[in-house]
Amino acid sequence: MHHESPIKRRKSRQIMVGKVPVGGDAPIAVQSMTNTETCDVAATVGQIQRLEAAGADIVRVSVPTMEAAEAFGEIRRQVNVPLVADIHFDYRIALRVADLGVDCLRINPGNIGREKRIRAVVDKARDLGIPIRIGVNAGSLEKDLQKKYGEPTPEALVESAMRHVAILEGLGFEDFKVSVKASDVFMAVGAYRLLADKIDQPLHLGITEAGGLRSGTVKSAVGLGALLLDGIGDTIRISLAADPVEEVKVGWDLLKSLKLRSKGVNFIACPSCSRQNFDVIKTMNELELRVEDITTPLDVAVIGCVVNGPGEAKEADLGLAGGTPSNLVYVDGQPDSKLTNGSLVDDLERLIRRKAAEKELAEKDIIARG
Ligand code: SF4
């Protein structure tokens, strides 16, 4: 049931963040950020590895001091995923992490200070093929813009971003991406829509300081969902006051829901009601955890009864429609076998793994045949 997404994406120029293309026709990249102490190399490497395992394409790491820059170099050596160094003001840190192998610098050129320093960072980035992310945030808007607009507005965020853009373009540097984040959904969405018409660089989307796991997920899904439906956005971060692994999972779910990317099991499950012939919620909770490691895209329907069961189950790669005395399994839209409630989760997990392995083999076969 993997229909193509009907979303027509904004055309942006492509940049490379390490091995990951961002913009152009590249898949929308999922990002997250470490929240460990960067100088604690072991803890940061551990967290980056967990983020990568969850599907993060790019990970950002704060580098507030020269000591953290040295730690960053060690971290860079120990992980595979492209790393963005988050730097504020201190151009020497930017120069150092560039030498230590950073894949992208998140630094606002207008905040670096004297032109000589800006030029040093931009020249180094150009020489080493490192892109820059301009990151404007409603919470740290320049004082003169706050005064001019009275309060943060979409126009103020975009004016701030365009100042940084003008500096890079003035130096002939075009390999950058831009974010204009705000915690207010309307402000962020408004700013990104304005910016999308002004530049052709990739845009990194985020609703900043969105909130905790549930409220932040909803806020991010509304804001980023609106933009992604418009075709805007080349890379995303879901900012949550939660384990950053959750940010990656939510990011993927958001892109999967818009059919912009596919990975792992996409569950279609009914909310359950008194007609259910097995415990849908318990089954789903257990199954989701058990098959988290599967990366092959697979649609699996878990439906409690025959009201909607056969219809949904037939559309999926694998479907289960509740029934009495036994539940009916559909494979590729065809009735296949029956399962009783006794070992339902074990049986479903086995069927899901078998189907995923089959699909993976079939895809490899297609690739091998060219
Ligand atoms: S599919 Fe059946 S069990 Fe599930 S919510 Fe609908 S009527 Fe209830």
Side-chain angles (χ1 to χ4, degrees), residues 1-7 55 211-222 224-226 228-229 238 240 242 246 249-359:
M1 202 186 67
H2 295 292
H3 306 300
E4 290 284 306
S5 177
I7 294 172
L213 183 55
R214 189 180 60 204
S215 57
T217 295
V218 172
K219 220 187 267 183
S220 297
V222 170
L224 270 50
L228 291 167
L229 281 164
I238 311 292
L240 299 175
E246 297 296 333
K249 290 185 190 172
V250 173
W252 269 98
D253 282 343
L254 179 55
L255 295 178
K256 282 201 277 189
S257 73
L258 296 173
K259 299 190 189 300
L260 286 163
R261 285 188 78 174
S262 53
K263 171 179 165 281
V265 180
N266 172 39
F267 278 108
I268 298 109
C270 80
S272 82
C273 73
S274 67
R275 288 183 202 272
Q276 66 183 0
N277 292 292
F278 61 92
D279 189 332
V280 176
I281 293 176
K282 189 162 165 274
T283 306
M284 276 304 304
N285 284 344
E286 279 188 44
L287 259 187
E288 272 192 325
L289 286 178
R290 287 204 198 180
V291 300
E292 260 185 357
D293 59 301
I294 294 177
T295 53
T296 309
L298 200 68
D299 287 328
V300 176
V302 179
I303 312 289
C305 80
V306 292
V307 171
N308 294 321
E312 290 286 4
K314 276 184 194 167
E315 286 292 310
D317 296 303
L318 189 75
L320 180 77
T324 307
S326 50
N327 313 294
L328 186 55
V329 174
Y330 290 79
V331 178
D332 296 326
Q334 300 298 320
D336 180 83
S337 51
K338 293 193 168 175
L339 295 180
T340 54
N341 288 0
S343 53
L344 197 54
V345 176
D346 288 343
D347 292 338
L348 277 174
E349 183 188 350
R350 180 175 45 77
L351 291 172
I352 290 170
R353 289 194 183 281
R354 193 177 74 190
K355 188 71 193 149
E358 275 174 27
K359 272 192 89 171

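Small disclaimer: the values here were computed from a predicted structure and weren't measured. Atoms within each ligand, like the ligands themselves, are counted from 1 in listed order.
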Point to revise | Cys273 near atom 2 (Fe) of ligand 1: N/O/S under 2.8 Å | key: no

Check your understanding: Considering only protein heavy atoms, which is closest to atom 6 (Fe) of ligand 1, and at what distance to one decimal place?
Key -> Asn308 ND2, 3.9 Å

Check your understanding: Hey, does the side chain of Trp252 reach the backbone of Gly55 with a donor-acceptor pair shorter than 3.5 angstrom?
Key -> yes

Exercise for review: Note the single closest protein heavy atom to atom 4 (Fe) of ligand 1, along with its residue, its atom name and the distance in Å.
Suggested key: Cys270 SG, 2.4 Å

Review point. So which of Ile303, Val302, Val280 gets nearest to atom 1 (S) of ligand 1, if we judge by its closest heavy atom?
Key: Ile303

**Study point:** Per-residue contact class, Ser274 against ligand 1 - non-hydrogen pairs under 4.0 Å
**Key:** neither

Study note, to complete from the structure: Exactly one of Arg354, Lys359, Lys355 clears salt bridge (charged side-chain N to carboxylate O under 4.0 Å, His left out) with Asp317, and that residue is Lys359

Revision key, fill the gap. Ranked by distance from atom 2 (Fe) of ligand 1, the top protein heavy atom is Cys305 SG, 2.3 Å

**Study point:** Side-chain heavy atoms of Val280 within contact of Cys270, under 4.5 Å
**Key:** yes

Revision key, fill the gap. Near Arg275 (heavy-atom distance under 4.0 Å), the atoms of ligand 1 are 7 (S)

Check your understanding: Side chains of Asn277 and Asn327: do they bring a donor and an acceptor to under 3.5 Å?
Key -> no

Point to revise | Salt bridge flag under 4.0 Å for residues Arg290 and Asp346 | key: yes

**Study point:** For Gln276, atoms of ligand 1 separated by under 4.0 Å from a heavy atom
**Key:** 3 (S)

Review point. Looking just at side-chain N and O atoms, do Ser343 and Asp347 make a donor-acceptor pair shorter than 3.5 Å?
Key: yes

